[in-house]
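Just so it is clear, the structure is predicted and the values come from calculations on it, not from any experiment. One-based numbering along the sequence shown.
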Amino acid sequence: MLTRLAREAATGVLIRDHGVLYLHDGQVVHAESPAAPGLDVLLTASGALAPERWQEAVDRAGALGQVARYLVDSGGLTEGALQLCHLGALFDAAYFALGPTTGPTRFRPGAGHWLGHVQRVPVQAVARESRRRRALLACAGVWPGADTAPTVRRRPPADQRVPSRLRAVLLLADGVRTPYAIAWTLGRPAFHTLIEIHRLAAAGLVEPAPSPYDGPTGPGTATATPPHPGRAAAHPLPAVRPLSPVLPRDGRSSRPADDDPDIVFLRRLRDALEAQL
């Protein structure tokens, strides 16, 4: 359906099980998914924008569908910084929105988003990037359900150095949080957090959290009710979005490593933008 909508230069919102894509004249202008932190979370958690400035933009320009324009015109962000962060949020959400689905796909013509237009991305580019990410995760697979189920950290050997960016993820692998919950807590793209979970797993630093259905049984032992027959016990994509972002406690960010997925992605975005100039 997405290819047909692009061919017809459609405007509206494509609704799928795990996210939505907003189109304008057949190109993607925005994407959202419950699994992926939104633009507001990425901007405020990184320190690029104060939460108060974001709320001000929503209050004053949301009803007009001009939040992005207000952020730039009011001096809250430069246009380049907004475009880079928006592209990251768009591709992150689109990866989940375009994932395998069992439910219907619907299109609501004419619908727009209150953020307004930041930039337009061809449908082919969005689909290609989603396929690339899916292939990357497939190659890095560690155990079934690693992308959706909670993980628990293991104590690293004394001589094993854990980079600061991975250490932040490792500290939140508490056996309760899923990778998506960790991404929301840290204010990082969900896909990059998945990659970091896979890296930690490959290094033997995290493992699947014990299932509540695997506990001991016997007289006097309380057991959890197993899932309904035919229903997977693995945690599905989240359906509820937190109300507000969580900012770093110290307000500082450490210098990322050269192979940090955020840096690699931003370099690719920079090269693509420069190629269009």
Can you list the residues that meet the side chain to side chain contact (heavy atoms under 4.5 Å, CB included) rule with [X], with sequence neighbours excluded?
{"X": "Ala202", "value": "none"}
{"X": "Ala9", "value": "none"}
{"X": "Asp174", "value": "Arg153, Val176, Arg177"}
{"X": "Asp59", "value": "Gln55"}

Which atom pairs, one a donor and one an acceptor, fall under 3.5 Å between side chains of residues 93-111 and the rest of the protein, sequence neighbours left out?
residue : atom : partner : partner atom : Å
Thr101  : OG1  : Asp17   : OD2          : 2.6
Thr101  : OG1  : Gly103  : N            : 3.2
Thr105  : OG1  : Arg16   : NE           : 3.4

Considering all heavy atoms, the nearest [X]-[Y] contact:
{"X": "Ala36", "Y": "Trp184", "value": "O-CZ2, 3.4 Å"}
{"X": "Leu71", "Y": "Ala57", "value": "CD2-CB, 3.6 Å"}
{"X": "Thr151", "Y": "Val206", "value": "CB-CB, 4.3 Å"}
{"X": "Leu77", "Y": "Leu43", "value": "CD1-CD1, 3.7 Å"}
{"X": "Ala209", "Y": "Val152", "value": "CA-CG1, 4.1 Å"}
{"X": "Val123", "Y": "Ala6", "value": "CG2-CB, 3.7 Å"}

Do [X] and [Y] touch side chain to side chain, with heavy atoms closer than 4.5 Å?
{"X": "Ile182", "Y": "Ile197", "answer": "yes"}
{"X": "Tyr70", "Y": "Val58", "answer": "no"}
{"X": "Arg7", "Y": "Thr3", "answer": "yes"}
{"X": "Leu39", "Y": "Leu82", "answer": "yes"}
{"X": "Arg69", "Y": "Leu64", "answer": "no"}
{"X": "Leu21", "Y": "Leu2", "answer": "yes"}

Please say whether more than 12 non-hydrogen atoms of neighbouring residues, nucleotides or ligands are located less than 6.0 Å from CZ in Arg53.
->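 Correct, the count exceeds 12.
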Does one hydrophobic cluster hold both [X] and [Y], with members joined at side-chain heavy-atom distances below 4.5 Å?
{"X": "Val20", "Y": "Val29", "answer": "yes"}
{"X": "Leu87", "Y": "Val126", "answer": "yes"}
{"X": "Leu115", "Y": "Val13", "answer": "no"}
{"X": "Leu42", "Y": "Leu49", "answer": "no"}

Could you grab the distance from atom [atom1] of [X] to atom [atom2] of [Y], nearest 0.5 Å is fine?
{"X": "Gln83", "Y": "Thr78", "atom1": "CD", "atom2": "OG1", "value": "8.5 Å"}
{"X": "Leu23", "Y": "Arg120", "atom1": "CG", "atom2": "CZ", "value": "11.0 Å"}
{"X": "Leu194", "Y": "Asp92", "atom1": "CG", "atom2": "CG", "value": "8.5 Å"}
{"X": "Leu200", "Y": "Glu207", "atom1": "CG", "atom2": "CD", "value": "12.5 Å"}
{"X": "Ile195", "Y": "Leu136", "atom1": "CD1", "atom2": "CG", "value": "4.0 Å"}
{"X": "Arg134", "Y": "Cys139", "atom1": "CZ", "atom2": "SG", "value": "13.0 Å"}

Does any N or O in the side chain of Tyr180 come within less than 3.5 Å of the main-chain N or O of Pro37, such that one atom is a donor and the other an acceptor?
->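 No, because the side chain of Tyr180 does not come within donor-acceptor range (under 3.5 Å) of the backbone of Pro37.
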Test: Glu129 and Arg132 ion pair at under 4.0 Å |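 Arg132 and Glu129: salt-bridged.
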Could you list the residues that satisfy ring pair (Phe, Tyr, Trp, His ring centres under 6.0 Å) with His30, not counting sequence neighbours?
->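 Listed in chain order: His86, His113.
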